[in-house]
Amino acid sequence: MIARSFKPHLIAMLSASLLVLFSIMFAGTGNATADLYDVVVLNGRVMDPESNLDAVRNVGIRSGKIQTITTKSLKGRMVIDARGLVVAPGFIDLHVHDMNDEHHRAQAMDGVTTALELEIGAADIDQWYAEREGKTLINYGASIGHVPVRMVVMKDPGTFVPSGDAARRPATEDEIAEIKRRVELGLKRGAIAVGFGINYTAAASHREIIEMFRLASKYQASCHVHMRYAGLKEPMNCISAFEEVLAAAAMTGAPLQVVHITSMAFDDTPRVLEMIREARSRGIDVTTECYPYTAGMTRLDSAIFDGDWRGQLGIDYKDLQWVATGERLTAESFARYRKEGGMVALHSMKPELVRSAIADPLTMIASDGILKDGKGHPRAAGTYSRMLGYYVRETKTLTLMDALRKMTLMPAQRLERRAPIMKAKGRLRPGADADLTIFDAERVIDKATYTEPGKYSEGIKFVLVNGVAVVKDGQLQLDAKPGHAVRAPIQ
Ligand SMILES: [Zn+2]
């Protein structure tokens, strides 16, 4: 009885399942839209530094994500013919300043899909992200910055970096408590790191810095540090400056990223790289970055030019270039412009040292760029194409895959513990964000110079940000605003 009454149910269930199966099959074969991607990138040389894939493939993108990487043919609403071009993960810049549309456009033309202000950072994280939401060409994110927070708390009149109390006066106990409170608030509100410019806040005590590292450790945030001293003269040199932050990282457990190592260590760069390698071999999480240029840039009215800067940096007035006019400085013009305030380029790094730092497997590439009203350092617009054109193709300093790794996977990995969103960036694999840079490896080159720093790079053909083209056939797509926030979870 039981079996007989069960049988018709079974048949009914089977036929229902068959019906569902048939309808799925028909949807798959009969309805073309099911196989239609939003964007397909066809026949490009797909290079992924995570899997080491380096082969001709087709990439299918839907809803802002990579869906498939395959040798099979694909159909899409938008078709990019990438024959003869390299298809790479979009470049991730860990170190930019003063982001604006002009800067973002130049970076997109240089292949950058994510630009992060991690060294100086922001004082108010909610405000910083709110100002950019839905308005940007490329992805954006910021650290909570010890420098700007100290400037707010100590009422410093400086712009960007301090020129008053925040540079030159030790903080009181109450002020340190208030700086800590604001840095922790920033971390709770999703800042992706903690930024430091100890050289710019030279009166900040070692203890004040350690307090900030403790907070960073509590939130698993990396500390992106412009160290206390640049240059060569003991005892205030880059070696002791590195010892300070290395000790803070070892003590507190906070991950440490030493920024622009070549412009801090100059001739000592190989020695500091060796110290980083040794510290890593003992399990300390310390990493570093550099930019592919032989001149640095900063504000002439900053604390860096207090005291014996010529002896300390091993340069003279003639090695300084006033950005506003392009002129080299003298003692007289140095004094005049320092009062006025503004940006200055420091021609201070030997080409062979920059080259060896770029070739070292430890370094990531980050621009440290600033670009506004056509003024700035060429690294803002040219860093990534200069890596691909000058350092990979022309001087064969490193392989293309190694260069891509330093510009994509390594920066993503640096941040992914704190900001899991970065696990979907810096790689080409199904499920990753569709941030792609497609370029002509035979032609790509930087065009920005110290006198024309805003000039766009050449040879970057297509750039996709979350699946939307921001560069198409080498042309900027000015109306596109596909940039998303890169932010840690809010607590
Ligand atoms: Zn810096």
Side-chain angles (χ1 to χ4, degrees), residues 93-99 103 115-123 142-151 156 158-163 166-167 193-202 204 209 212 222-231 236-238 241-242 244-245 256-266 268-269 272 276 286-306 309 312-313 315 320-321 323 341-349 353-354 357 363-372 376-380 383 411 414 453:
D93 191 347
L94 294 177
H95 192 153
V96 300
H97 298 295
D98 195 21
M99 283 180 213
H103 193 175
L116 307 171
E117 157 75 275
L118 301 186
E119 180 208 46
I120 297 298
S143 64
I144 181 72
H146 172 252
V147 174
V149 167
R150 197 173 205 267
M151 286 170 74
D156 191 283
T159 48
F160 178 48
V161 291
S163 58
V194 182
F196 294 84
I198 312 176
N199 207 183
Y200 297 105
T201 57
I209 300 303
M212 303 305 141
S222 44
C223 294
H224 294 246
V225 183
H226 178 139
M227 300 188 297
R228 190 178 290 276
Y229 311 118
M236 297 191 298
N237 66 351
C238 65
F242 178 64
E244 176 190 9
V245 286
L256 169 62
Q257 169 100 351
V258 174
V259 306
H260 48 54
I261 187 163
T262 45
S263 67
M264 299 306 292
F266 307 115
D268 275 338
T269 298
V272 180
I276 292 174
V286 49
T287 50
T288 191
E289 65 186 47
C290 64
Y291 49 75
Y293 291 86
T294 54
M297 183 172 288
T298 193
R299 286 193 72 89
L300 190 59
D301 45 325
S302 72
I304 285 171
F305 295 101
D306 290 353
W309 60 270
Q312 188 62 23
L313 306 182
I315 57 173
L320 301 181
Q321 187 176 15
V323 168
M343 300 304 287
V344 69
L346 298 79
H347 294 272
S348 54
M349 290 164 264
L353 282 168
V354 171
T363 56
M364 302 172 202
I365 301 303
S367 75
D368 191 12
I370 301 178
L371 184 65
K372 204 172 190 179
H377 188 296
R379 66 196 180 206
T383 285
R414 173 73 290 186

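First listed ligand is number 1; within each ligand, the first listed atom is number 1.
Annotation: side chain to side chain donor-acceptor pair (under 3.5 Å) contacts of His95 (sequence neighbours excluded): His97, Glu119, Glu289, Asp368. For Pro148, the side-chain contact (heavy atoms from CB on, under 4.5 Å) partners at least two apart in sequence or on another chain are Ile120, Ala123. Remark: His103 pairs with no residue by the ring pair (Phe, Tyr, Trp, His ring centres under 6.0 Å) rule, at least two apart or across chains.
Near-neighbour remark for the Zn ion (ligand 1): protein N, O or S atoms under 2.8 Å are Glu119 OE2, His226 ND1, His260 NE2; waters not counted.
A cation-pi arrangement is present between Arg379 and Tyr291 under the rule of less than 6.0 angstrom and at most 45 degrees off the ring axis.
Using a distance-only test at 3.5 Å, with no hydrogens or angles considered, a donor-acceptor pair links the side chain of Arg228 to the main chain of Ala204. Listed for the Asp93 side chain is a donor-acceptor partner under 3.5 Å among the backbone atoms of Ser367.
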